[in-house]
J.: 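Mind looking over this structure? Questions follow.
Note on naming: letters A, B, ... go to the chains in the order of the sequence lines (proteins, then strands), and numbering restarts at 1 for each one.
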Amino acid sequence: MNTRSTLLNLHAQLRERVRQAAQEQFNIALEQIPLEVPPRVELGDVAFPIAFELAKRIRQATGSSRAPRQIADILRPALETVEGVERVEVAGAGYLNVFFDRARLLAELFSEKRSSTRPAAEPEARPKRIVEHTNINPNKAAHIGHLRNAVLGDAFVRILRAAGERVEVQNYIDNTGVQVADTVVGFIHLEGMALSDVRALDQSLPVDRPFDYYCWDLYARVGLFYRNGDPDGPEDPEKLRLRAEVLHAIEKGDNEIAELADYVSMRIVECHLKTMERLGIRYDVLPRESEILHLHFWERAFERLKAAGVIRYETEGRNAGCWVMPTDLHLGTEEHEADKILVRSNGTVTYAGKDIAYQLWKLGLLGLDFYYKPFRTYPDGHRVWVTTSDAREHDPAAPKFGGGTIVYNVIDSRQSYTQEVVKRAVAALAPEVGADASVHLAYEMVALSPAACEELGIELSEEDRARPFVEMSGRKGLGVKADDLIDQLEAGALGEVEARHADLTEEEKRAVAHEIAVGALRYFLLKWTRNSVIAFDFKEALSFDGETGPYCQYAAVRAGSIFRKLDPEVRERAATMIEDALRNGETADLLRRVFASESGDELWTLVMLAARLEEVIAQAATAAEPAHLAKYAFQLAKAFNLFYHRHRIIGEEDAVKQAVLIAIADLVRRRLTEALNTLGISVPERM
RNA sequence: GCACCCGUAGCUCAGCUGGAUAGAGCGUUUGACUUCGAAUCAAAAGGUCGCAGGUUCGAGUCCUGCCGGGUGCACCA
């Protein structure tokens, strides 16, 4: 188990007392004891609205009614004797409001010197969770929609790890799909290139227009090519035949086209990983679709699906000759079939089928495994592995991948239906594992605001202009490339840094600008909840003011600068005094006096907010919603900025008050930094 | 047609398993740098939480029905 924080411990004790008291006083067994934070600090630090619930239960059990306030009064003594509680009040219609011993709690929180290195006790012993994210088709440069996926997935990974979980990160590579085929069609039929030509071209490209950028444009040209130059025209069956040929050759393998496709796709994967590393996003393993095919994962899954009666062969009707999985997810109509086709009448498997096989492997239910070889090593030594179907290439040093207890798939909510099919198929094959082991971590798309389209020089129809957003389209080359956006953010941040810190070296300035750019971008993508469509707007995304990453970073930097300038002796004396309050009642009384003063409530509110970090991380992990943590980080930064504005720490003359201010600033600095790190945002020394 | 998601301040969005007087950012108006950094802070204005019922001691939150918007329902991935 993870080391419990001071605050969570107190919560647990209070809940237990409520449970006992309800049992002893009213003979009622409570399953859940809701605990809430009162709207204002004058109403206490935590509140239990449990008397209302008990009033109802007592009436149901005995027929006699008791006033909630009276019930709360009876429960009160049980809470008052908990260590760390100063007093308990009954308020409103029957709330039990608990007030903590501020001096004691501050001292305890201050002494938790663990910050970001807090060891989650033996995560190795925890059941493995797998998070799959990024999953970009390897045929063109990444755009901001892909970034939302990767940043969301990566933040979630960090949140799980902060909560003490063991996590494996996978990035699925669809290297044999239609989109790769399209780019390959471009090289062969539009450019007239063979593998050697593509290699030479790749070598000759300028750094600011690398291979993935080239393919971005080429892919858009292929889209036009299929439609004979008219973006809104019909697709030409003759041209589509070229795609089918290429796709077939890729799937078959062991030929020149497949080699070309392999070069293109893996070069693009390299580009994607480079882009993602700019944002601090890394992976453990890259499972590839080519291996799912060549190592016959599908055949194994197919046999089991047939044996279990999960799928059936259609002999008549529209789906004659296909293997389908019946579903009741929606009703079938003339236009739409209710059943999901897994094997086409020509014998080939659909995406959903392959995904079922892959999901079974991820859960350790398939009974087959990939071979693995190293793909690349990050500067700190962390290695990413890629799958291979060639046993001779297998590196025995490879860790054991797959076999997760819970698998989170970070995938666009537009794929909810397919994900539901996959989940149900797995649950039908392995009822002991069930549907809950497969989690679709769905999120809404990133679209473009009309203003963003204008800035990109995209012509909008009357109709589109009236809409709140316009969907991006890789096929049309319509979108904001990830690296372009990061470049713009870095340029903007560099300008701000230069204006403030002319004394830094070029290298230092660029490093700080990079941290700010990453902070801005990651926060921008995380501040929205998952089911909110992001209408991308340049002005908003490039802003460093208001609810942004740099705002949060700035608060932490200011806190840091206090400690850079604070006399170490003063700091040491303050720490000694605060810790002494844990043992010495007189010292504790001195601290209590500070909290009882005019600004006491305001100071305490900040302490309680900072104390809530673990709770928020746990909640973000359970809800799989990093936005909760992002909102919290902003709230904490905002509260700190207010504190910073109202109190002079270094110049404070009252030694006791100064000690309290120092302890609070230190606590908030540590908590804010940890919250930001858990979102993948670092805090520079200066900015 | 069916399924899922969303309607909260001028705009963009929060609102944890139902809880006390519905909150932020942007924008608007007005103030605060001789101070540990103004990428900051403060104040003002801004709301029938889409509409109508229901459950509950209590509903922005849960249920039903409408209205409005988005997405999906491929022998694409």
J.: Look at the side chain of A/His645 and the base of B/rG37, then say whether one donor and one acceptor between them are separated by less than 3.5 Å.
T.: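 Flag unset: no donor-acceptor pair detected.
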J.: Looking at residues at least two apart in the chain, or sitting in another chain, which of them share a side-chain contact (heavy atoms from CB on, under 4.5 Å) with A/Val557?
T.: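 Here the qualifying residues are A/Val683, A/Pro684, A/Met687.
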J.: Would you classify B/rC51 as syn or anti? Syn applies when the glycosidic angle is within 90° of 0.
T.: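 Anti, since the glycosidic angle lies more than 90° from 0.
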J.: Under 4.0 Å between any heavy atoms, over every strand shown, what does A/Ser543 touch: base, sugar-phosphate, or nothing? Just pick one.
T.: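 Here A/Ser543 touches no strand at all.
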J.: When the P atoms of B/rC66 and B/rC2 are compared, how many Å lie between them, rounded to an integer?
T.: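 The answer is 10 Å between these two P atoms.
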J.: Only counting residues at least two apart or in another chain, list the ones meeting salt bridge (Lys or Arg N to Asp or Glu O under 4.0 Å) with A/Glu89.
T.: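 Counting only residues at least two positions away or on another chain, A/Glu89 forms a salt bridge (Lys or Arg N to Asp or Glu O under 4.0 Å) with A/Arg87.
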J.: Which is true for A/Arg646 with a 4.0 Å heavy-atom rule: it touches a base, it touches only sugar-phosphate, or it touches nothing?
T.: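 If one applies the 4.0 Å heavy-atom cut-off, A/Arg646 turns out to touch nothing in the nucleic acid.
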J.: With hydrogens left out and only the distance checked, is there a donor-acceptor pair under 3.5 Å joining A/Ser345's side chain and the base of B/rC75?
T.: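 Yes, a donor-acceptor pair under 3.5 Å.
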J.: Contact class for A/Glu289 vs. all strands (heavy atom < 4.0 Å): base, sugar-phosphate, or nothing?
T.: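 It contacts sugar-phosphate atoms only.
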J.: Considering only the C1' atoms, how many Å lie between B/rA9 and B/rA24, rounded to the nearest integer?
T.: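 About 11 Å, rounded to a whole number of Å.
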J.: Could I get the full list of side-chain hydrogen bond (donor to acceptor under 3.5 Å, both in side chains) partners for A/Ser265, not counting sequence neighbours?
T.: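 Counting only residues at least two positions away or on another chain, A/Ser265 forms no side-chain hydrogen bond (donor to acceptor under 3.5 Å, both in side chains).
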J.: For B/rA39 and B/rG25, measure between their C1' atoms and round to the nearest Å.
T.: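 To the nearest whole Å, 15 Å.
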J.: Within the 4.0 Å heavy-atom criterion, would you say A/Leu247 contacts the bases, only the backbone, or no part of the nucleic acid?
T.: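 Since no nucleic acid heavy atom lies under 4.0 Å of A/Leu247, the category is nothing.
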J.: Would you write the dot-bracket representation of RNA chain B, where each base gets (, ), [, ], | or . depending on whether it forms a Watson-Crick or G-U pair under 3.5 Å and with which partner?
T.: (((((((..((((.....[...)))).(((((.......))))).....(((((..]....))))))))))))....
J.: Just checking A/His440: base, sugar-phosphate only, or nothing, at a heavy-atom cut-off of under 4.0 Å?
T.: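 Touches nothing.
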J.: Once side-chain hydrogen bond (donor to acceptor under 3.5 Å, both in side chains) is applied, do any residues pair with A/Asn135, and if so which ones, sequence neighbours excluded?
T.: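 Counting only residues at least two positions away or on another chain, A/Asn135 forms a side-chain hydrogen bond (donor to acceptor under 3.5 Å, both in side chains) with A/Glu132.
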J.: Please identify each residue that fulfils salt bridge (Lys or Arg N to Asp or Glu O under 4.0 Å) with A/Asp567, with sequence neighbours left out.
T.: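 Scan of A/Asp567 (salt bridge (Lys or Arg N to Asp or Glu O under 4.0 Å), adjacent residues dropped) gives none.
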J.: If the condition is side-chain hydrogen bond (donor to acceptor under 3.5 Å, both in side chains), which residues does A/Gln619 pass it with, not counting sequence neighbours?
T.: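 By the side-chain hydrogen bond (donor to acceptor under 3.5 Å, both in side chains) rule, A/Gln619 matches no residue at all.
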J.: Using a cut-off of 4.0 Å between protein heavy atoms and nucleotide atoms, how would you tag nucleotides 19-26 of chain B 5' to 3' with B, S and -?
T.: BBB--SSS
J.: Using atom P in both nucleotides, what's the gap between B/rC6 and B/rG15 to the nearest angstrom?
T.: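 Approximately 10 Å lies between the P atom of B/rC6 and that of B/rG15.
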J.: So A/Arg414, base contact, sugar-phosphate only, or nothing? Heavy-atom distance under 4.0 Å.
T.: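 Contact class for A/Arg414: sugar-phosphate only.
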J.: How is A/Thr350 classified with respect to the nucleic acid when contacts are heavy atoms under 4.0 Å: base, sugar-phosphate, or nothing?
T.: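 Counting heavy atoms under 4.0 Å across all strands, the contact made by A/Thr350 is with sugar-phosphate only.
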J.: Which pairs count as salt bridge (Lys or Arg N to Asp or Glu O under 4.0 Å) when at least one residue sits in residues 643-654 of chain A, sequence neighbours excluded?
T.: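 Listed by first then second residue: A/Glu602-A/Arg646.
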J.: Side chain of A/Glu625, backbone of A/Arg530: donor and acceptor closer than 3.5 Å?
T.: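 Side chain of A/Glu625 to backbone of A/Arg530, a donor-acceptor pair under 3.5 Å: yes, one is there.
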J.: May I ask you to say what A/Ala51 touches in the nucleic acid, namely base, sugar-phosphate or nothing, with a heavy-atom cut-off under 4.0 Å?
T.: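 Result for A/Ala51 = nothing.
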J.: Suppose you measure atom C1' in B/rA52 against the same atom in B/rA42; what distance do you get, rounded to whole Å?
T.: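 Approximately 43 Å lies between the C1' atom of B/rA52 and that of B/rA42.
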J.: Checking A/Glu498 now: which residues fulfil salt bridge (Lys or Arg N to Asp or Glu O under 4.0 Å) with it, not counting sequence neighbours?
T.: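 A/Glu498 satisfies salt bridge (Lys or Arg N to Asp or Glu O under 4.0 Å) with no other residue.
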J.: Would you indicate what A/Arg69 reaches in the nucleic acid, counting non-hydrogen atoms under 4.0 angstrom: base, sugar-phosphate, or nothing?
T.: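 Counting heavy atoms under 4.0 Å across all strands, no contact is made by A/Arg69.
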J.: Remember a base hit wins even if backbone is also touched, and classify A/Leu642 as base, sugar-phosphate or nothing at under 4.0 Å, heavy atoms.
T.: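 Answer is sugar-phosphate: A/Leu642 comes under 4.0 Å of backbone atoms only.
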J.: Could you tell me whether A/Arg148 sits above the aromatic face of A/Tyr443, with NZ or CZ closer than 6.0 angstrom to the six-membered ring centre and within 45 degrees of the axis?
T.: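 No, A/Arg148 does not lie over the aromatic ring of A/Tyr443.
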J.: Could you give the distance separating B/rU12 and B/rU17 at their P atoms, to the nearest angstrom?
T.: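 About 25 Å, rounded to a whole number of Å.
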J.: Is there a side-chain contact between A/Arg500 and the phosphate of B/rG37, meaning an N or O under 4.0 Å from OP1 or OP2?
T.: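 So the side chain of A/Arg500 is outside the cut-off, no N or O lying under 4.0 Å from OP1 or OP2 of B/rG37.
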J.: Is it true that the NZ or CZ of A/Arg57 lies under 6.0 Å from the centre of A/Phe26's six-membered ring and within 45 degrees of the ring axis?
T.: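 No - A/Arg57 does not lie over the ring of A/Phe26 by the 6.0 Å and 45° rule.
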J.: Could you work out, with side-chain hydrogen bond (donor to acceptor under 3.5 Å, both in side chains) as the rule, every residue matching A/Asp174, not counting sequence neighbours?
T.: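 Partners of A/Asp174 by the side-chain hydrogen bond (donor to acceptor under 3.5 Å, both in side chains) criterion come out as none, since no residue qualifies.
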J.: Rounded to whole angstrom, note down the C1' distance from B/rA45 over to B/rA59.
T.: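 My reading of the C1' atoms in B/rA45 and B/rA59 gives 29 Å.
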J.: Pick the P atom in B/rG60 and in B/rG23, then give their distance to the nearest Å.
T.: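 Those two atoms are separated by 13 Å.
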J.: So if I define the base as every atom that isn't primed, P, OP1 or OP2, how would nucleotides 5-10 of chain B read as a B/S/- string at a heavy-atom cutoff under 4.0 Å?
T.: SS----
